[in-house]
Amino acid sequence: MAAPTATASLNATSYAPGAQMLLTVNYNDPDTKALTVTVVVTDTQGNSSAPVKVGAVIDPLTITVTDDSGRTWTRVSDNGTVAVYRAVA
């Protein structure tokens with residue numbers, strides 16, 4: 001299994017106390033697999049329902065953000081490859 005990869009960047013290099021800090025994390029895992037299950041229900045007379053699809057991810061990723069001051073980082077967004085976190089300086 002390959003290890004996940006990540007890069008991170010802040011929206012500035014220095015902050016005034018109380019300023020908003022935004023952290024952007026780009027991440028990927030070559031082992032993550034998307035799975036789609038399709039279900040069709042058929043009765044004894046051959047009548048069938050429309051296909052219903054449901055998805056799942058095998059080996060999902062989890063992001064943990066901490067810093068050495070104990071600051072709380074709150075997730076603003078996450079689309080599965082880019083996550084944005086916010087904290088107060």
Side-chain angles (χ1 to χ4, degrees):
M1 293 184 101
T5 59
T7 60
S9 61
L10 289 166
N11 64 321
T13 56
S14 63
Y15 299 90
Q20 176 177 268
M21 303 169 68
L22 290 176
L23 173 69
T24 301
V25 179
N26 293 283
Y27 63 98
N28 185 32
D29 184 358
D31 293 329
T32 298
K33 304 289 183 212
L35 170 71
T36 302
V37 177
T38 303
V39 178
V40 175
V41 178
T42 305
D43 66 17
T44 56
Q45 291 145 357
N47 301 309
S48 297
S49 68
V52 177
K53 295 186 180 204
V54 63
V57 174
I58 310 253
D59 192 19
L61 299 172
T62 302
I63 298 174
T64 303
V65 178
T66 59
D67 67 34
D68 56 4
S69 71
R71 181 173 287 107
T72 299
W73 290 88
T74 304
R75 185 176 61 208
V76 176
S77 64
D78 187 346
N79 69 8
T81 58
V82 179
V84 177
Y85 291 81
R86 177 180 24 235
V88 176

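- Under the side chain to side chain contact (heavy atoms under 4.5 Å, CB included) criterion, Ser49 pairs with Val40, Val41, not counting sequence neighbours.
- Pro51 approaches Thr38 most closely through the heavy-atom pair CB-CG2, 3.9 Å.
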In sequence, state the C-alpha distance, the side-chain angles, and the governing distance for Val82 and Val25, and then conclude on side chain to side chain contact (heavy atoms under 4.5 Å, CB included).
-> CA-CA 6 Å; Val82 179; Val25 179; over 6 Å; no
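- Smallest separation of non-hydrogen atoms from Tyr27 and Ile63: CE2-CD1, 3.2 Å.
- Leu23 approaches Ala8 most closely through the heavy-atom pair CD1-CB, 4.0 Å.
- Contact of the Thr32 side chain with the Leu61 side chain is registered, since non-hydrogen atoms from C-beta on lie closer than 4.5 Å.
- Listed by chain and residue number, Gln45, Asn47 satisfy the side chain to side chain contact (heavy atoms under 4.5 Å, CB included) test with Asp43 (two or more places apart in sequence, or in another chain).
- Applying the side chain to side chain contact (heavy atoms under 4.5 Å, CB included) rule to Ser77 yields the partners Val84; only residues at least two apart in sequence or on another chain are considered.
- Two residues are said to be in side-chain contact when any heavy atoms from C-beta on lie closer than 4.5 Å; Asn26 and Thr24 meet this criterion.
- Remark: Thr81 pairs with Asn79 by the side chain to side chain donor-acceptor pair (under 3.5 Å) rule, at least two apart or across chains.
- Rounding to the nearest 0.5 Å gives a distance of 13.5 Å between CG of Leu10 and OH of Tyr85.
- For Arg71, the salt bridge (charged side-chain N to carboxylate O under 4.0 Å, His left out) test picks out Asp67, with sequence neighbours left out.
- Between Ala89 and Ala16, the shortest heavy-atom contact is CB-O, 3.5 Å.
- Within the structure, the side chain to side chain donor-acceptor pair (under 3.5 Å) test picks out the following pairs touching residues 3-20 (sequence neighbours left out): Asn11-Tyr15, Gln20-Arg86.
- Connection of Leu35 to Val54 is established within a shared hydrophobic cluster, with ILVMFWY side chains joined at heavy-atom distances below 4.5 Å, either directly or through further cluster members.
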